[in-house]
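To keep things clear, I will list the structure first and then write my remarks on it.
Proteins get letters first, then strands, A, B, ... in listed order; numbering begins at 1 in each. Model, not experiment: these values are computed from the prediction.
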There are 2 protein chains.
Amino acid sequence: MRYRDEHKELLVKEKAIEMIVREGLDGFSMQKLAREARVSPATLYIYYKDKEDLIVQLGLEEATRLTTTLLKDFDPAMSFEEGMRVQWRNRADYWLENPVKAALLEQLKHSPLRTRVFDTLDKGFIDSLGRFVHNAIANKEILPMTREVFWSVAYAPLYNLIRFHTEGISLAGEPFRFSEEIMWETFAVVMKALKI
Amino acid sequence: MRYRDEHKELLVKEKAIEMIVREGLDGFSMQKLAREARVSPATLYIYYKDKEDLIVQLGLEEATRLTTTLLKDFDPAMSFEEGMRVQWRNRADYWLENPVKAALLEQLKHSPLRTRVFDTLDKGFIDSLGRFVHNAIANKEILPMTREVFWSVAYAPLYNLIRFHTEGISLAGEPFRFSEEIMWETFAVVMKALKI
DNA sequence: AATATAAATGAATGTTCGTTCATTTATTGT
DNA sequence: ACAATAAATGAACGAACATTCATTTATATT
């Protein structure tokens, strides 16, 4: 039998992500994708059940890659300071090194497909980060607070900095540029809020 | 001459926002909108130049309402503590009292139309909030930092709490519910980070 | 070389899309 | 009552859409 052309399959994925990020979910169509990837529209239906399945699969795959990246060098038993540093490092790395794929996840997070992509996130990932916070509170390293409050104070500022950077938003005169320096400066401010 | 039916015009706006929020920008179409608002498709082209113009106008109108709301009871000459309290109050009020319209703005912020909707935000609004932060730093009420870092630490946690609430995201067992109590608890933590 | 099999295709399906236009409707000033 | 005018309409346009299908192509096994 004839084998599936993996190069072709990868090209389809790449072009699909590009198009979704560039033109939004509404600018994305199967026929345009087929044209861009130099493939017959029918081929897409060999790879994927339908349009929604294609988008969801791309999202799931990338969400998995993200969780894997975020656990690199991380251990829930780490000290709070050290664990937080690793998390900020990993999150910044992922967003800055994969801006297009990160933008795909961002699009999906604000779309009707959000549930289908993010509701089945890796259990180990959620557990690991949950235990980390639990430990820090138990050890009296940080103020006691719910996970939602913790997440909002601990990570939302970082994500917002990255968003300002990638979307070229400037609140002052010159456009804002993310840097290691400004990241760790913000980190210090955030840590000041959390530590006892 | 015949006058424009304002009730009809308002209904079109309302249904359009509903549909965009419910089905995303890609699920939104002029023909479906016409059907839902019991209007001829052609009528939409009396109100708006084309589809994009319709979306952008809805966005601009709502963005204006938002900036007006955020300046209520606010004065850049306020003390840092007081001004921040008003800002958190206003922002929470807007998002919780207008969840659908807020969701529209959120959608547009993550779409290719972002620039057309948000790049011409009211000057007075930006100036007012900018002066507020500048004053606080000059008076040594808070640590010196760029506006982007300030915004990220001061407001991103609040927006994230609201997002968790409206999207029904739970990091622990039971679904997360926003409340005044949790809001001011988070406020206190954030203020701890910013104050000298 | 022949067979089997799944990949890949181009053309075609019917549907929905955004937009236009000739016509009708409602309201004002004469 | 009538003329003037803009609102509002339903039907229609071609274009693009998601998806299907009969057919061809490439490869592994016989």
Side-chain angles (χ1 to χ4, degrees), chain A residues 1-61 104 107-108 111-114 116-117, chain B residues 1-61 104 107-108 111-114 116-117:
Chain A
M1 71 158 193
R2 183 174 178 182
Y3 279 152
R4 191 175 287 191
D5 183 340
E6 293 181 21
H7 173 68
K8 193 165 287 188
E9 211 182 341
L10 278 174
L11 188 66
V12 165
K13 280 186 191 171
E14 192 183 309
K15 293 285 180 189
I17 295 175
E18 270 178 35
M19 196 187 301
I20 292 174
V21 170
R22 180 169 17 97
E23 311 188 29
L25 279 173
D26 51 320
F28 171 76
S29 90
M30 297 297 262
Q31 313 213 59
K32 282 203 299 198
L33 172 58
R35 213 178 305 123
E36 276 200 29
R38 299 179 181 287
V39 151
S40 163
T43 305
L44 300 177
Y45 289 85
I46 296 172
Y47 299 160
Y48 305 97
K49 184 173 153 293
D50 53 26
K51 185 184 173 185
E52 181 171 320
D53 179 53
L54 185 156
I55 296 171
V56 169
Q57 283 207 40
L58 289 181
L60 283 174
E61 191 171 315
L104 171 73
Q107 289 254 10
L108 294 177
S111 86
L113 294 172
R114 199 194 69 235
R116 294 200 51 195
V117 175
Chain B
M1 69 157 191
R2 184 175 177 180
Y3 278 153
R4 192 175 287 191
D5 183 340
E6 293 180 20
H7 172 69
K8 192 164 290 187
E9 212 181 340
L10 279 174
L11 188 66
V12 165
K13 279 186 192 171
E14 193 183 310
K15 293 286 179 189
I17 294 175
E18 269 178 36
M19 195 187 302
I20 292 174
V21 170
R22 180 169 19 96
E23 311 187 29
L25 279 172
D26 51 322
F28 171 76
S29 89
M30 298 296 264
Q31 313 214 49
K32 283 202 299 197
L33 172 58
R35 214 177 304 123
E36 275 200 31
R38 299 179 181 287
V39 151
S40 163
T43 305
L44 300 176
Y45 289 84
I46 296 172
Y47 298 160
Y48 305 97
K49 184 172 154 292
D50 53 27
K51 185 186 176 187
E52 181 170 321
D53 179 52
L54 185 156
I55 297 170
V56 169
Q57 282 207 40
L58 289 180
L60 284 174
E61 191 171 317
L104 171 74
Q107 289 254 10
L108 294 177
S111 86
L113 294 173
R114 199 194 70 234
R116 294 201 50 195
V117 174

Can you name the closest pair of heavy atoms from A:G24 and B:P112 and give their distance? N-CG, 4.1 Å

Give the minimum heavy-atom separation between A:D53 and A:D50, together with the two atoms involved. N-OD1, 2.9 Å

Taking 5' to 3' order, which nucleotide of DNA chain C is first and which is last to have an atom within less than 4.0 Å of a heavy atom in chain B? C:dC17 to C:dT28

When rounded to the nearest 0.5 angstrom, what distance separates [atom1] in [X] from [atom2] in [Y]?
| X | Y | atom1 | atom2 | answer |
| --- | --- | --- | --- | --- |
| A:Y47 | A:L54 | OH | CG | 11.5 Å |
| A:Q107 | A:L58 | CD | CG | 12.5 Å |
| A:E36 | A:E18 | CD | CD | 7.0 Å |
| A:E9 | A:L44 | CD | CG | 11.0 Å |
| B:I20 | B:L108 | CD1 | CG | 6.5 Å |

Which residues share a side chain to side chain donor-acceptor pair (under 3.5 Å) with [X], sequence neighbours left out:
| X | result |
| --- | --- |
| A:Q31 | none |
| A:D26 | none |
| B:K51 | none |

Among residues 31-53 of chain B, which residues get a heavy atom nearer than 4.0 Å to DNA chain D? B:V39, B:S40, B:A42, B:T43, B:I46, B:Y47

Please list, in numerical order, the residues of residues 6-24 of chain A that have a heavy atom closer than 4.0 Å to any atom of DNA chain D. none

Donor-acceptor pair (no angle test) under 3.5 Å: A:R2 side chain, D:dT25 base: yes

